[in-house]
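Encoded as structure tokens, the structure appears first; notes follow it.
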Amino acid sequence: MARLYDIRVMTVLGSLLCLILGLAFPWSKTPIIVGLCFGIATLGVAAMVRAGQVSFGHAMYACIAGYTVAFLARAWPQLDGLLLILAGVGASLLAGAIVGVFVVRYRGIFFGMLNLAISMVLFSVIGKFYTLTGGTDGLRINRPTLLGFEFERAGFETVLLIGTLAAAIGLGFLVQRYFQSASGEALAGIKTNETRLEYLGLSARRVLWNGYFFSAGLVGLSGALFAMVQGLVTPDMGSWLRSGEFVFIAILGGSGHAIGAFLGAAVFELVKLFAAAYMTGVWQLLLGVTLIFVILVAPEGIIGLLMKKSALATRRGG
Amino acid sequence: MTLDLLILAAADGFSYAGLLFLVSLGLTLIFGVQGILNVAHGSLYAFGGYTAATLAIWATEKQAPTWVLLAALVAAALLVGVVLGGILEIGLLRRVQDKDPVLQLLVTFAAFLIFEDLQRLIWGVSPYSSTEVVSRMGNLDLFGITYTVYQLLLIPAVALAVYLGLLYALRRTRLGKQIVAVTHNREVATALGINAKKIGLITFIAGAFLGALGGAMAAPTTSLVPGVGTDMIVLSFSVVATAGLGQITGAFITALLIGMARSLAVYTAPELEVAVPYLIMVAVLLVRPNGLFTVAQARRI
Amino acid sequence: MGVLIRTERLSLNFGGVIAADNIDFSLEEGERLAVIGQNGAGKTTFINICTGFLKPTGGRVWFDGKDVTGMEPRHIVRLGLGRSFQLPQLFLDHTVRQCLEISAAARSGKLSFLLPLARSVDAREIDHTLELVGLRDRSHELASSLPEGQRKLLDVAMALMLNPKLLIMDEPTSGVASEDKHDLMATLMRALDERKVTSWFVEHDVDIVSRYATRVAAWIAGKVAADGPPAEVLASEAVRREILGTA
Amino acid sequence: MKGISRRNWISRVGAIAAGVSLLFSVSAFAQGAKPAELKIGITTFTSGPASVFGVPAKAAAEQWIEETNAAGGINGVKITPVFIDEGLGGDKLLTEYRRVVQEQGVKLMLSAISSGNCNIIAPVAEDLKVLNVMWDCGTEKVLEDRRFKYVVRTQANAVTEMVATVVYLLKTKPDFKTIAVVNQDYAWGRDSWEIFRNTLLALKPDVKVVAELFPKFGAPDFSTEISRLQALKPDVILSTSWGGDLDTFVRQAGQRGLFKTSQFVLPLAESSAERLGSALPEGVIIGGRGDHYFLHPEYKNDAKHKAFVEKFRAKTKSYPIYPVYHMVAALQAVSDAHGKAIKANKGQWPTTEQLADAMHGLDFKGLTRPVHIREDGQGLEDQLLGMTKNQPGYAFPVMENMMLIPADLVTTPVGLKSPEWVKTVKPELLKNDRIKVFK
């Protein structure tokens, strides 16, 4: 149980750090919220990674949720922010449910490529239908009310920060429960042995579909929150590079525990911020080097490294 | 749809398909032997293009004859294929050979990110180009429409030659047969005394060369800007996946199909132009889950 | 005692190769069948067809009174057919205990989403099964760390966790050191007896066949060449010539 | 799989927190009195395709600031620029923008090149109460949709630019019947065509639009588009594309002889001419989004302009292109506004609010003709267009037959919406004698 205790400590300290930084340095609210959004999306992608599947198209669910928020907010400006977010998540869940039926038949490269292709179709359609979608410049979203209150930007961001943090903690907890449940362990079984799943009377496709459905919802939620904090949706939210970043973060953080998604996202955002401030122009290089380093040194990601270290420490009586 | 339209679309589509084929061929070849989908392949395309333009600019300044300009393109591709391909294979992929395929894919993604910035550091951000060779090779009229010989004839010819040459090499030469053997079964091939490691390196370099050659051949017709590799890599993914992984003839036919469909889209439904390759891919994969040209194999239990 | 599994004119031919040739076969509850035959004789293929992994090109299969021809393996499994494999099919990234827990959880057909796996199954039952197959002290190790013999046991145990009516085991002793084979079979048979599971196993070792089977079926070139009590089948001319090579 | 000791963890997290707060270091700033330095945040593209504009503009900013600081700065206060890369994308740009404003205390921002970025930044600047000078972006919508207190633009917008281009086309080549467009598929490409088409149809209703092609942004190949244009043979081909897209399009069109059959109108080609060199043929109508050119007919021998061009060339090895002039104009406007505000404030250093007030209604002069900033924050910048011609001494074609079109004639009046206004443009506009033609 000691390990769990550590993760609780990490969660509490991490959350406090987010809140303190966000309140002390107002500008940092956006990157923190964005980082948490990436973490939430990565929770979804990590579920796929646990099943041994890499999707280079999951960002499409962020895109679907984001545009749902934008369309609704523009059509009915009086709609509350919370409602918009729920609608966004609903749309991504619906899309995930439908697309899931098709993609769960595929594994490995083909799973990745089919997701990629579907997201590219969506990406190019959004880019093309300029009059509806604003093309590559995207759509602006005016600040909606939140729970019935109207906020100035600063207040709005604080509420979003707290809300996103709460969502991140809650979802992190739920996803970890899912990972450890019978469904979640069966999902991880897809990675190692589908034949056995089948001979246990289980449908690997069904198990994967469940995971896919949840992951679409998680990525969707991140997209809806992202759209709210930026006040803007663009097709870039659904580009394959963004999907690649989610996978990147999932590997960086490790899929051994749900908190890995947030550790990965934190490192990812810090590297980006650091590069933007001090090494403009080579942030991709920095990210690439970080990723290779992690894969070579800690293929189980940061969380894997921590778990291994803590296991060692225990053995030494630490 | 009239016949004229088809011919016009073919004239443009072939050139595009030729480039797409060269790049996809490299990708599919590497996949066949190494089992790795190399995301950094797009960077090889970009580096091939930039290096070719650099050499061509230099050759143009020296008033070199046309054949030298053409040779410069191939030389650039060779240089990039050997140097970058070698670095990638020996420095990176070998180290992750025994790891999870997801990690192998991610390593190439990381390499892609690094190469993107390196390319910007080397060649800067301004559009970069050298079109001398296209102008020198002149024009050709077809149904009252002027084409460049370079795009209408040379690029498709190079693609076709590479395709036929590769088929010949794989079927008739010792090295080719060894590559095919490793593609079919690495363990068995190793047991037969084939040095799979060496074959892996050679194939990777050959694949990298083809990716770079795609870029080099494209260089004289376009302006190279940061990000050229990004679009190419997803497109060639779609060719390779649609065709079926490791399918050379499949890649050839699929590239043609996508090239033609894209040209036709510009004439008939411009809104769909960008989405066309992916629509084709989704449609094919839904009907044939392993690609057009792959025969599914049951897993032995 | 009724018929548990029955096939009628079951055949499969892949592109000219006849892997199953009009096989009429049946197994009664309570039997313990050993299947013998050369590699490539069609023993595994027959199992694959009966369990739904391969679709037959002709004929029918009934399991427990239901026509299961062409059904997906998981549906047949749900009717009470368990199977272990020549190459153990394990969740290599899971611990031994988790493998059994997943099996136990799968038995109900409904997997929980939020209840931890260990709490959704009966721990005593898992302990008991671990004990039975002698994996108790390795229960927290990864399946991938087990030696081949124990993998086999775990593979069988996972099938056993489903409480099947019939358990088909494809070469449970292959890859196991010959001095351990008898121990392994003894362990398995004890487990099967305890649960009163009808079984059918593929085996090459004549000693094991004659010691543990109540019936032997010999496969030659996609056909059942001989079928009956062990002593009779093992002594038959065709079996001695084609399979045992002792003629 | 057991725990690391708790203490170990806490110390580790503590170290991380310390590291992070280092990254987030704050600098205090005083309000009211004359500051020790004037920090100006400048967003510009140093990566991505638009760095063809951003990089020269950054060089121009550095050159201007260096000169101004050497001469004592703005009212005795030295300027420190803080550059932000727009190429990071909208979300990262916003984060950086806010970091620079909220952490470094910058109260004056020059942003942005991209219209998309202007749309994102403008409401944020208004929220943050920081003066934002839109120094290069073209979108007219941002200032028409909403009245801003802290957001102004020191140059023309897309309407001014496109209406002036139509005027030039109709005055020089009045007799054409068909037109086709090949624009980049994003907001600028779509919006600029919308304005151009509506203006053209208002002034010359009999023109037929035979093709509207929007290849994707950054497309590497236009072969099919060119084939289609050759089949259609339009009299005029318009493209408002820029950067690598325009270069590729011009090269491929040139290689396939499209320039021989159609009159090309390339309103942004001034910025590509030096790169394209001889690939850009003679007789093409080109412009540079405003009133600037290193061979400006009224200012080419102006001492200040001439000195600037020479210094810029010495520094960057290339002639200044329009974003360079836009950058200098924005900086000059900011400098002049300080003077104006200090005067109004009885010699005291102005607050951001006072400075923003001073920007509205400001008249200033960059390197070329003076610009007036209207009460809605929109700058009135005249428009210079010309036709390409090879001249000895230049390795690329330069403009001749230049025409200067006064901004007030071709800009949507305050309070009106551009989409409606351009449809009401009258043919008399073409005969206005304030349009100056240089032969």
Side-chain angles (χ1 to χ4, degrees), chain A residues 48-49 52-54 56-57 102-103 105-110 112-114 116-125 127-130 191 193-196 198-199 239-241 244-245 247-248 250-252 255 275 279 281-296 299-300, chain B residues 31 35-37 39-40 91-92 95-96 99-118 120-121 125 227 230-231 233-235 237-238 240-242 244-245 270-286 289-291 294 299-301:
Chain A
M48 293 293 100
V49 171
Q53 308 304 319
V54 180
F56 269 89
F102 297 99
V103 297
R105 293 161 52 204
Y106 302 79
R107 296 292 178 276
I109 298 293
F110 286 102
M113 289 299 112
L114 192 61
L116 172 81
I118 296 170
S119 80
M120 286 300 290
V121 170
L122 182 76
F123 179 74
S124 40
V125 164
K128 264 295 167 192
F129 289 88
Y130 177 74
K191 181 175 179 181
N193 207 317
E194 279 189 47
T195 309
R196 177 46 88 188
E198 186 77 20
Y199 277 96
S239 79
W240 74 272
L241 280 172
E245 286 175 359
V247 179
F248 179 120
I251 301 295
L252 198 66
S255 55
M279 296 178 72
V282 293
W283 64 273
Q284 300 199 89
L285 198 147
L286 270 182
L287 284 179
V289 171
T290 314
L291 184 58
I292 290 177
F293 179 77
V294 166
I295 290 176
L296 292 181
E300 307 282 311
Chain B
F31 186 87
I36 288 178
L37 196 67
V39 182
L92 216 51
R95 288 171 203 276
V96 293
K99 294 210 159 100
D100 194 335
V102 171
L103 295 184
Q104 295 182 352
L105 186 75
L106 260 285
V107 160
T108 65
F109 183 69
F112 162 78
L113 292 176
I114 294 172
F115 281 140
E116 279 292 288
D117 277 349
L118 283 183
R120 214 180 5 240
L121 291 176
V125 289
T230 317
D231 288 341
I233 187 63
V234 259
L235 261 177
F237 275 169
S238 69
V240 169
T242 309
L245 296 161
E271 303 78 31
L272 290 181
E273 184 210 331
V274 185
V276 151
Y278 309 105
L279 285 173
I280 292 178
M281 176 172 167
V282 172
V284 166
L285 288 188
L286 287 182
N290 293 298
T294 307
R299 187 168 163 232
R300 208 175 87 84
I301 54 173

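Proteins come first, then strands; the chains are lettered A, B, ... in the order of their sequence lines, and each starts at number 1.
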Go through the atoms of [X] and report whether side chain, backbone, both or neither lie under 4.5 Å from a heavy atom of chain A.
{"X": "Ile280(B)", "value": "neither"}
{"X": "Val39(B)", "value": "side chain"}
{"X": "Ile233(B)", "value": "side chain"}
{"X": "Pro277(B)", "value": "neither"}
{"X": "Pro289(B)", "value": "both"}
{"X": "Phe115(B)", "value": "neither"}
{"X": "Thr242(B)", "value": "neither"}

Inset, instruction - Locate the shortest heavy-atom distance separating Lys99(B) from Ile295(A); write the atom from each residue and the value. - result: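 Minimum heavy-atom separation between Lys99(B) and Ile295(A): NZ-O, 3.6 Å.
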
Legend entry - Closest contact, heavy atoms only, Leu291(A) versus Ala110(B):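 That would be CD2-CB, 3.7 Å.
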
Inset, instruction - Considering only heavy atoms and a distance below 4.5 Å, find which of Leu37(B), Val234(B), Val96(B), Val282(B) pairs most often with chain A. - result: Val234(B)

Inset, instruction - Heavy-atom pairs under 4.5 Å with chain A are the metric here; pick the option from Val107(B), Leu286(B), Val102(B), Leu106(B) that has the most. - result: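 Among the listed options, the one with the most contacts to chain A is Leu106(B).
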
Legend entry - Residue among Val125(A), Leu296(A), Leu286(A) with most heavy-atom pairs under 4.5 Å to chain B: Leu296(A)

Legend entry - Largest heavy-atom contact set with chain B, pairs under 4.5 Å, which of Gln53(A), Arg105(A), Lys128(A):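 Ranked by contacts with chain B, first place is Lys128(A).
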
Legend entry - Side-chain (Tyr278(B)) to main-chain (Ser124(A)) donor-acceptor, under 3.5 angstrom: no

Inset, instruction - Tell me, yes or no, whether the heavy-atom count around Glu300(A) atom CD, taken from other residues, nucleotides or ligands under 6.0 Å, exceeds 12. - result: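 No, CD of Glu300(A) has 12 or fewer neighbouring heavy atoms, counting only those of other groups under 6.0 Å.
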
Report which part of [X] has an atom under 4.5 Å of a heavy atom belonging to chain B: side chain, backbone, both, or neither.
{"X": "Ile109(A)", "answer": "side chain"}
{"X": "Leu116(A)", "answer": "side chain"}
{"X": "Phe129(A)", "answer": "side chain"}
{"X": "Ile251(A)", "answer": "side chain"}
{"X": "Tyr106(A)", "answer": "side chain"}

Inset, instruction - Enter the distance from Leu105(B):CG to Phe56(A):CZ here, rounded to the nearest 0.5 Å. - result: 4.5 Å

Inset, instruction - First locate atom CG of Leu241(A), then atom CG of Leu113(B), and finally report the distance between them rounded to the nearest 0.5 Å. - result: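 Between Leu241(A) CG and Leu113(B) CG, I get 7.5 Å after rounding to 0.5 Å.
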
Legend entry - Within-4.5 Å side-chain heavy-atom neighbours: Met281(B) and Met120(A): no

Inset, instruction - State, yes or no, whether a side-chain contact exists between Phe110(A) and Leu245(B) at a heavy-atom distance under 4.5 Å. - result: yes

Inset, instruction - Evaluate side chain to side chain contact (heavy atoms under 4.5 Å, CB included) for Ile114(B) paired with Ile292(A), printing each intermediate quantity in order. - result: CA-CA 10 Å; Ile114(B) 294 172; Ile292(A) 290 177; 3.9 Å; yes

Inset, instruction - Over 60° means perpendicular and under 30° means parallel, so classify the ring planes of Phe109(B) and Trp240(A), tilted if in between. - result: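 Perpendicular, since the angle between the ring planes exceeds 60°.
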
